[in-house]
Amino acid sequence: MSQFLQVMLSGLATGSIYALVAIGFTLIWQSAKTVNFAQGEFVMLPAFFVLVCTKVLALPLWLALIVALAVTVVVLGVLFKKLVVEPILPSGGIPLTIATMALAIFLKESVKEFYGAEAQPFPPLFPSQTLNVFGAVISLQDICNLVVALAIVVVLTLFLNRTRTGRCMQAAAQNPAVAEILGINVRRMVLYAFLINGALAALASFLITPVYLAKFSNGEVLGLIAFIAAIVGGFNQIRGALAGGLLIGVLDNLTATYVTAEYRAALPLVLLIVVILVRPQGLLGTSEGRAV
Amino acid sequence: MTAPALSVRNISKTFGTIRAVNDVSFDVRTGEILGLIGPNGSGKSTLFNCILGQLPPDGGAVHVAGQQVSGSRACDLSKLGVGRTFQQLSVFPQMSVLDNVILAGQEHHGSMLSRLFGKPDAGLTADAEKMISFFRLEHLRDELAGSLSYGQQKLLDAAMAFMAGPGLVLLDEPAGGVNLTMLAHLKERLQTYNAEHGTTFVVIEHNMEFVMSLCSRIIVLAEGAIIAEGTPDEIRSNQQVIDAYLGG
């Protein structure tokens with residue numbers, strides 16, 4: 001029982017970070033109707049911004065985190081929208097999706113070129129202690145990651161549902177032409193979505209990199225799993241992305257512990273195939289009509 | 001002399017080699033209900049899109065209550081009191097009827113800070129409920145807009161267009177696909193709103209009975225240009241209109 005609890009909590013902690021990244025996929029999908037295949041690299045990059053701040057600029061960690069968050073929001077939010085999305089989106093969603101694949105390669109290779117291919121240690125945000133919960137030995141870092149990630153999701157959900165700006169963002173995502181007619185500045189709402197995505201990527205990066213170390217290739221697996229989590233949960237629903245992330249995190253840990261660690265990498269893909277066959281809109285998603 | 005509610009001057013719009021709107025000019029008086037009719041592809045919706053800044057016209061000018069608005073974005077026109085309904089269904093399907101109507105009015109209230117920290121309904125729930133009742137949708141107040149019937153969504157669309165208290169509303173085929181009972185109700189509501197608030201309407205419609213009984217003046221477009229203008233009776237008897245559109 002204690003092992004089960006341990007595996008569950010650890011899975012939820014990892015899954016909550018997958019969820020943050022997956023929510024980014026849904027935000028970009030809802031605002032720009034595109035899949036950002038550089039999302040994993042968006043999570044990899046902020047960790048290196050922190051390392052540059054602490055090692056090159058000799059900033060204290062707390063300040064480095066704030067600077068890295070701000071730089072990420074500007075680079076991966078504003079610049080990504082202005083330099084990649086806006087010029088290419090008029091040509092259609094597919095060219096933009098391909099452009100994000102190119103961007104992923106560019107970001108990955110740039111970090112490798114300028115910072116090296118070796119994994120870099122990343123300062124932990126929380127004490128590396130363990131707690132004994134009902135006999136289960138649980139890492140304090142896991143607990144903190146879970147609490148912080150869920151708190152971020154709660155704040156984001158409250159923002160989207162309980163503020164006028166959040167409701168305008170939802171309206172702009174559901175029907176941009178009508179939202180514009182009603183006086184909603186749709187361009188601004190789309191920018192907000194990109195800014196939030198940048199912030200989510202940075203926060204996910206700060207939480208997960210102490211566990212996996214900072215490496216140029218971190219985004220490959222993370223981006224893929226978060227993409228699958230978003231599809232499994234429902235690509236057009238934030239709560240779906242949350243559920244998908246948590247589900248994959250937990251199932252991954254359960255499989256590795258009780259079945260075999262050998263095929264754990266295949267589990268998200270199996271889950272993806274099953275969901276697409278049984279419920280294509282995702283567990284909590286809604287089907288979207290398409291005019292032909 | 002009061003400026004017209006809407007003044008359209010020499011608007012043209014070309015798509016490739018197709019001239020969708022060809023040098024169209026007209027005025028709409030304040031409080032008037034103007035009909036805009038014409039065969040499919042005659043440029044009516046394109047003209048609406050040019051007026052509202054959703055399509056940039058190739059040339060010409062648009063004035064709303066005397067103010068030049070050419071080149072303005074639709075969201076800016078909304079703040080000048082211009083509303084629109086769409087030919088296609090135009091609600092927010094994953095929000096309740098009440099939230100749809102509140103959202104339609106909220107951009108005209110409050111500051112930047114109140115958008116983040118103010119009441120989520122911008123204090124508009126009571127007004128929204130009144131508007132929902134006006135269109136007799138109160139029994140559907142908490143239903144998701146996407147679950148409503150086509151006709152009910154058309155009524156909701158109209159309620160949303162009126163929620164911000166616009167001085168001018170462009171209605172794009174409000175009767176399209178609506179059953180006869182709902183249609184009579186919609187027409188009666190539009191006439192009542194016009195009489196009570198003096199709101200100006202420009203109505204694109206293919207349903208001749210609806211448009212002839214609702215509008216005081218009608219403009220007929222064919223191949224992007226105005227071919228006739230007059231009262232419903234004058235339009236009915238205009239040979240050019242009969243040939244181009246109404247049929248023998």
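Here is how names work: the chains are called A, B, and so on, in the same order as the sequence lines, proteins then strands, and each is numbered from 1.
- The shortest non-hydrogen separation linking A:I181 to B:S78 is O-CB, 3.2 Å.
- Under the 3.5 Å distance criterion, the side-chain polar atoms of A:R164 are matched with a main-chain donor or acceptor of B:Q106.
- Of the atoms belonging to B:F86, it is side-chain heavy atoms, and not backbone ones, that fall under 4.5 Å from chain A.
- Nearest heavy-atom pair across B:C75 and A:N185 is SG-CA, 4.2 Å.
- For A:R162, the CZ atom counts as loosely surrounded, since its 6.0 Å shell holds 12 or fewer non-hydrogen atoms of other residues, nucleotides or ligands.
- Residue with the most contacts toward chain A among B:D99, B:T85, B:L77, B:D157: B:D99 (heavy-atom pairs, distance under 4.5 Å).
- Of the possible polar contacts, one joining the A:Q174 side chain to the B:Q94 backbone as a donor-acceptor pair under 3.5 Å is found.
- In this structure, no portion of A:A173 lies under 4.5 Å from any heavy atom of chain B.
- In the displayed structure, A:L277 atom CG is contacted under 6.0 Å by more than 12 heavy atoms of other residues, nucleotides or ligands.
- A:I184 is listed as a side-chain neighbour of B:L103, based on a closest heavy-atom distance under 4.5 Å.
- Top candidate by heavy-atom pairs under 4.5 Å with chain A, chosen from B:M163, B:Q54, B:R73, is B:R73.
- The CG atom of A:L182 sits 10.5 Å away from the NZ atom of B:K79 when rounded to the nearest 0.5 Å.
- For B:L52, the part lying under 4.5 angstrom from a heavy atom of chain A is the side chain only.
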